[in-house]
Amino acid sequence: MKRLVLILLTGLVVFLGGGLTASAADFPTDPRVTAAVAAWKTKPVYVDPLYAEYVGTQDQQLAERIATAPAPVFVAVMPTGAWFQEKDDTERLAGWLAVTNGKPGIYVVMDGTATTGVAHLLGARAPFDTFASSKTALADQLSQYLDDLELNDRVKVKPARTAELPTAPERTYERERFTVGKAIGNGVGGMTIGLMGGALLAGIVLGLAALVAPRRGGQQ
């Protein structure tokens, strides 16, 4: 019942708030995205030709796992990285897939060891990344990701991110300007601390000497 309500709510958002969805024109055309969206018209899993031999019959296992998910899930097994248009920002690639497909759901990109996903027009908290050994079956990797998925109608429904993350401003530190007065002040301060430390040490030595002297006098 809760799942039905969430799906109805997200559908209503899509119908009434079409302006929330980013336009596919906001990002460059990517053949991986185009191929995945075309494949999703008939099945929930897209396998890039470069991964066909690696995936084998695992796409059926992925489809079976998706069928048990609490929300619509679209999976793309494809190469990604710093040398592609997303420049290693796999979450952004998943956002491109989501916006181009245009349907509410969880969009997941898998490359064999890393699983990255985003929630699109759906009230859900989707985990960012999960990692596994390349020997781990893809269905198990997907299960690990979906097990951490949380549907929550209190989460703000919004389109997946398609824009580049803003660059953090570089910290700048202003050098303290050198002046003769500051140099003298630092020197005097250091000398004062040195004298105070020496006086404290001398006081301790003299105090110990005063305690030891009477004892030596009594032994003679």
Student: Would you please test Thr100 and Phe27 for side-chain contact (heavy atoms from CB on, under 4.5 Å) and show each step?
Tutor: CA-CA 10 Å; Thr100 304; Phe27 48 83; 3.3 Å; yes
Student: Given side chains that start at C-beta, do those of Arg32 and Thr80 come closer than 4.5 Å, heavy atoms only?
Tutor: yes
Student: Tell me the closest heavy-atom pair linking Val73 and Ala69, and the distance in Å.
Tutor: CG2-CB, 3.7 Å
Student: May I ask you to test the Phe84-Asp30 pair for a side-chain heavy-atom distance under 4.5 Å?
Tutor: no
Student: Mind checking the CD-CD spacing from Gln60 to Gln58? Nearest 0.5 Å is all I need.
Tutor: 12.0 Å
Student: For the residue pair Ala126 and Ala119, what are the closest heavy atoms and their distance?
Tutor: CB-N, 4.0 Å
Student: Nearest 0.5 Å please: distance from the CE atom of Met110 over to the CG atom of Leu142.
Tutor: 5.5 Å
Student: Taking all atoms of both residues into account, what is the closest heavy-atom pair of Ala124 and Leu151, and its distance?
Tutor: CB-CD2, 3.6 Å
Student: Counting neighbours of CD on Glu150 that are heavy atoms of other residues, nucleotides or ligands and sit closer than 6.0 Å, is the number greater than 12?
Tutor: yes
Student: Under 4.5 Å between any side-chain heavy atoms of Ser143 and Tyr145, yes or no?
Tutor: no
Student: Classify the angle between the aromatic ring planes of Tyr107 and His120 as parallel (below 30°), tilted (30 to 60°) or perpendicular (above 60°).
Tutor: perpendicular
Student: Tell me whether Ile106 shares a hydrophobic cluster with Val155, the cluster being built from Ile, Leu, Val, Met, Phe, Trp, Tyr side chains joined at under 4.5 Å.
Tutor: no
Student: Begin from the C-alpha positions of Thr136 and Thr113 and carry the test side-chain contact (heavy atoms from CB on, under 4.5 Å) through to its verdict.
Tutor: CA-CA 8 Å; Thr136 304; Thr113 56; over 6 Å; no
Student: Tell me, do Thr115 and Asp129 make a side-chain contact under 4.5 Å, heavy atoms counted?
Tutor: no
Student: Are any non-hydrogen side-chain atoms of Asn101 and Lys103 less than 4.5 angstrom apart?
Tutor: yes
Student: Atom CG of Asp59 and atom OH of Tyr51: how far apart are they, to the nearest 0.5 Å?
Tutor: 15.0 Å
Student: Tell me whether Val55 shares a hydrophobic cluster with Leu146, the cluster being built from Ile, Leu, Val, Met, Phe, Trp, Tyr side chains joined at under 4.5 Å.
Tutor: yes
Student: Over all heavy atoms of both residues, which pair between Pro159 and Leu121 is shortest? Give the atoms and the distance, please.
Tutor: N-CD2, 3.9 Å
Student: Can you check whether Leu93's main-chain N or O pairs, donor with acceptor, with Glu86's side chain at less than 3.5 Å?
Tutor: no
Student: Answer whether the closest heavy-atom distance between the side chains of Thr90 and Arg92 falls below 4.5 Å.
Tutor: no
Student: Quick check: does any side chain N or O of Thr68 sit under 3.5 Å from a backbone N or O of Arg65, one acting as donor and the other as acceptor?
Tutor: yes
Student: Evaluate whether atom CD of Glu64 has more than 12 neighbouring non-hydrogen atoms of other residues, nucleotides or ligands under 6.0 angstrom away.
Tutor: yes
Student: For Ile66 and Val75, what are the C-alpha separation, side-chain angles and deciding distance, and is it a side-chain contact (heavy atoms from CB on, under 4.5 Å)?
Tutor: CA-CA 9 Å; Ile66 290 171; Val75 173; 3.6 Å; yes
Student: Between Asp140 and Lys135, is there a side-chain N and carboxylate O pair less than 4.0 Å apart?
Tutor: no
Student: For residues Ala160 and Gly95, report the shortest heavy-atom separation together with the two atoms involved.
Tutor: CB-CA, 3.7 Å
Student: Atom CZ in Arg161, atom CH2 in Trp96: separation rounded to 0.5 Å?
Tutor: 10.0 Å
Student: Please round to the nearest 0.5 Å and tell me the distance separating atom CD of Gln141 and atom OG of Ser134.
Tutor: 8.5 Å
Student: Quick one: pull up CH2 in Trp83 and CG in Asp88 and give me the separation to the nearest 0.5 Å.
Tutor: 7.0 Å
Student: Can you tell if the side chain of Val118 reaches within under 4.5 Å of the side chain of Phe128, non-hydrogen atoms only?
Tutor: no
Student: So do Leu62 and Val77 actually touch side chain to side chain, heavy atoms under 4.5 Å?
Tutor: yes
Student: Which one of Val109, Val33, Val47, Leu50 satisfies the side-chain contact (heavy atoms from CB on, under 4.5 Å) criterion with Met78?
Tutor: Val109
